[in-house]
S.K.: 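The structure is given below, and queries will be raised subsequently.
None of the values given here were measured: they were computed from a predicted structure. These numbers come from the heavy atoms of this one structure, side chains and all, not from hydrogens, waters or symmetry mates.
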Amino acid sequence: MPDRRPLLIPSLLDDWFPLLQYAFASDIWEPVLLTEDQGLAGLGLRYFHNELCYPVFLVAGQVLAALNSGKYDPARCGVLMGQAGDGCRGSCGLRLTRRALDRAGYPEVELLSLNVRGIDRDTGLPITPAMVRRALAAAVWGDTLAILRNQTRPYEVHPGTAEVLWRTWMETLGEDLRQGRHLTRRRILARCREMTAAFRRVETAARDVQRVAVVGEIYTKYCHLGNWDLEKYLAAEGCEIGIGGLTWYALYYMDSHALRGPAPQRKLYRLLARLLGSVQREMLEILNDAGCRTLPPLSQVKRQAEGLAPLNCTVADGWLIAAEAAAWARLGYRKILCVQPFACLPGHIFGKGQYAALQRKLPGSRLVSVDYDASTGPGTVESRVRMLLDEELDF
């Protein structure tokens with residue numbers, strides 16, 4: 001469709017956006033994942049006070065860098081931003097970016113909000129059944145691939161095999177999503193079995209490796225820009241990495257917001273949660289049968305967190321941060337990196353504010369908090385990560 005307009009999508013979900021982008025395609029919009037990664041914070045800081053949270057600078061900077069490149073006609077392109085509708089940038093990110101675009105000379109660029117809370121209604125991207133089907137498949141497939149790659153990579157005999165296989169499957173599944181194939185529940189799970197079988201055929205060798213879990217605020221947990229390529233760094237150190245997938249985050253969001261809003265909205269959340277939770281359990285059965293270590297289903301993660309996390313804290317990542325940390329510790333990931341952007345108030349209160357108490361409740365594990373900010377040097381962050389990797393846990 002040559003007349004479709006480019007829909008620019010800033011980085012957020014590295015292991016899912018290559019698939020998830022197809023959920024946002026329409027007769028009007030052609031999704032484009034932004035890849036600009038140089039000087040973004042500095043560019044964003046030209047339009048914001050430096051006490052705003054770090055992801056705000058990066059998102060605005062990446063959008064402005066793409067527009068400044070001359071590759072896109074500002075009068076024809078749009079920018080898609082997710083809006084959780086809760087505290088902090090989850091409800092004001094779109095308006096902050098609008099302000100930056102206007103000041104930078106791009107008032108004609110259309111901003112679209114992806115949200116199910118009814119905020120910024122004049123900019124909302126319509127959510128259709130086809131979008132939901134593609135998003136469900138993308139989330140489940142993205143989770144499956146990330147878990148398989150992360151648990152195969154440290155043991156592969158031929159370095160790079162797991163990464164190549166991950167990219168090959170991303171291309172195959174991306175084509176499925178683009179053409180609308182294999183989107184029934186049965187076919188989604190059949191693809192999970194095929195991926196699992198393919199990764200089990202990778203030649204591996206038994207090795208003594210460190211298992212490191214990463215929990216925290218969504219942008220710094222899932223985006224290489226927000227965590228300065230943390231996953232690549234840990235992989236280079238030979239670590240087996242544990243990161244909760246997108247289905248856990250989506251179910252957390254549905255769970256924490258199902259008690260809010262009008263009755264029809266609450267009912268819809270409960271229906272979607274039952275569907276996704278059921279598919280997630282089947283996905284986990286496939287992975288666990290193949291010997292993978294995974295977080296339990298979200299409902300079980302929440303039950304296990306009772307007494308460890310304040311389950312009434314649902315702003316931003318809320319109780320999910322502590323709950324995932326506890327769940328990973330139970331799976332043998334005794335070293336846990338807790339990542340958040342500096343100046344993220346929900347992250348500091350519901351994340352960092354719980355770590356000391358959580359550490360006391362998880363004997364045998366070690367939690368290290370890492371803040372990311374435009375004014376922090378890479379040496380500071382790396383030293384904290386190294387402190388965790390080099391520590392001998394003998395208790």
Side-chain angles (χ1 to χ4, degrees), residues 1-14 16-18 20-85 88-127 131 218-220 222-226 228 341 343-344 372-375:
M1 298 180 186
D3 350 12
R4 289 197 297 179
R5 300 162 60 188
L7 181 62
L8 309 184
I9 303 177
S11 296
L12 173 61
L13 305 168
D14 290 346
W16 293 270
F17 266 2
L20 198 58
Q21 62 173 317
Y22 297 102
F24 311 131
S26 69
D27 293 340
I28 301 173
W29 298 107
E30 174 71 28
V32 178
L33 298 182
L34 297 184
T35 57
E36 288 77 7
D37 61 0
Q38 297 298 314
L40 305 185
L43 183 55
L45 277 167
R46 297 180 191 175
Y47 305 96
F48 300 115
H49 193 280
N50 62 3
E51 290 182 0
L52 282 171
C53 79
Y54 187 43
V56 169
F57 310 147
L58 293 177
V59 170
Q62 191 175 42
V63 171
L64 290 170
L67 294 171
N68 291 345
S69 70
K71 292 187 291 186
Y72 309 103
D73 178 359
R76 293 194 71 248
C77 73
V79 176
L80 180 64
M81 298 186 63
Q83 294 274 94
C88 208
R89 76 174 191 277
S91 56
C92 66
L94 194 82
R95 277 161 281 175
L96 288 170
T97 304
R98 174 78 275 162
R99 178 187 174 193
L101 290 174
D102 291 348
R103 292 181 61 195
Y106 297 112
E108 67 274 41
V109 173
E110 187 172 351
L111 275 180
L112 288 90
S113 169
L114 180 66
N115 75 83
V116 288
R117 292 295 306 280
I119 61 173
D120 299 310
R121 293 181 182 179
D122 56 330
T123 63
L125 181 72
I127 297 176
M131 180 187 294
I218 182 172
Y219 193 89
T220 46
Y222 291 134
C223 181
H224 70 286
L225 297 176
W228 300 355
C344 172
Y372 292 89
D373 184 57
S375 62

S.K.: What's the shortest heavy-atom distance between Tyr372 and Gly226, and which atoms?
M.R.: CG-O, 3.3 Å
S.K.: For the residue pair Leu225 and Leu40, what are the closest heavy atoms and their distance?
M.R.: CD1-CD1, 3.8 Å
S.K.: Let's go through Leu8 and Leu67 carefully: what are the C-alpha distance in whole Å and the side-chain angles of both, what is the deciding distance for side-chain contact (heavy atoms from CB on, under 4.5 Å) to 0.1 Å, and is it a yes or a no?
M.R.: CA-CA 10 Å; Leu8 309 184; Leu67 294 171; 4.2 Å; yes
S.K.: If you round to the nearest 0.5 Å, how far is CG of Leu80 from CG of Leu7?
M.R.: 5.0 Å
S.K.: Looking only at heavy atoms, what is the nearest atom pair of Tyr47 and Ala104, with distance?
M.R.: OH-CB, 3.5 Å
S.K.: Going by the side chain to side chain contact (heavy atoms under 4.5 Å, CB included) test, name the single residue among Ile9, Leu101, Leu43, Leu111 that passes it with Val63.
M.R.: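 The option that passes is Leu101.
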S.K.: Distance check, rounded to the nearest 0.5 Å: Arg5 atom CZ versus Cys77 atom SG?
M.R.: 8.0 Å
S.K.: Does the side chain of Ser11 come under 3.5 Å of the side chain of Gln62 through a donor N or O and an acceptor N or O?
M.R.: yes
S.K.: How long is the gap from CZ on Phe57 to CG on Leu96, to the nearest 0.5 Å?
M.R.: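 Phe57 CZ to Leu96 CG: 10.0 Å, rounded to 0.5 Å.
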S.K.: Any chance you could measure Arg98, atom CZ, to Arg103, atom CZ, to the nearest 0.5 Å?
M.R.: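 Here the rounded value is 13.5 Å.
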S.K.: Strictly distance-based, threshold 3.5 Å: is any side-chain N or O of Arg76 a donor or acceptor partner for the main-chain N or O of Asp3?
M.R.: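 Here the side-chain-to-backbone pair exists.
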S.K.: Any chance the side chains of Asn68 and Tyr106 put a donor and an acceptor closer than 3.5 Å?
M.R.: yes
S.K.: Tyr72 versus Val109: any side-chain heavy-atom pair under 4.5 Å?
M.R.: no
S.K.: Indicate the atoms forming the closest heavy-atom contact of Leu12 with Tyr219, along with that distance.
M.R.: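 Taking every non-hydrogen atom into account, CD1-CD1, 3.5 Å.
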S.K.: What's the shortest heavy-atom distance between Asp27 and Arg4, and which atoms?
M.R.: O-CG, 3.3 Å
S.K.: Taking the six-membered ring for Trp, are Trp29 and Phe24 ring centroids under 6.0 Å apart?
M.R.: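 No.
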S.K.: Could you tell me which non-hydrogen atom of Leu94 sits nearest to which non-hydrogen atom of Leu112, and how far apart they are?
M.R.: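 So the minimum-distance heavy-atom pair works out to CD1-O, 3.8 Å.
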S.K.: How long is the gap from OH on Tyr54 to CG on Leu45, to the nearest 0.5 Å?
M.R.: 9.0 Å
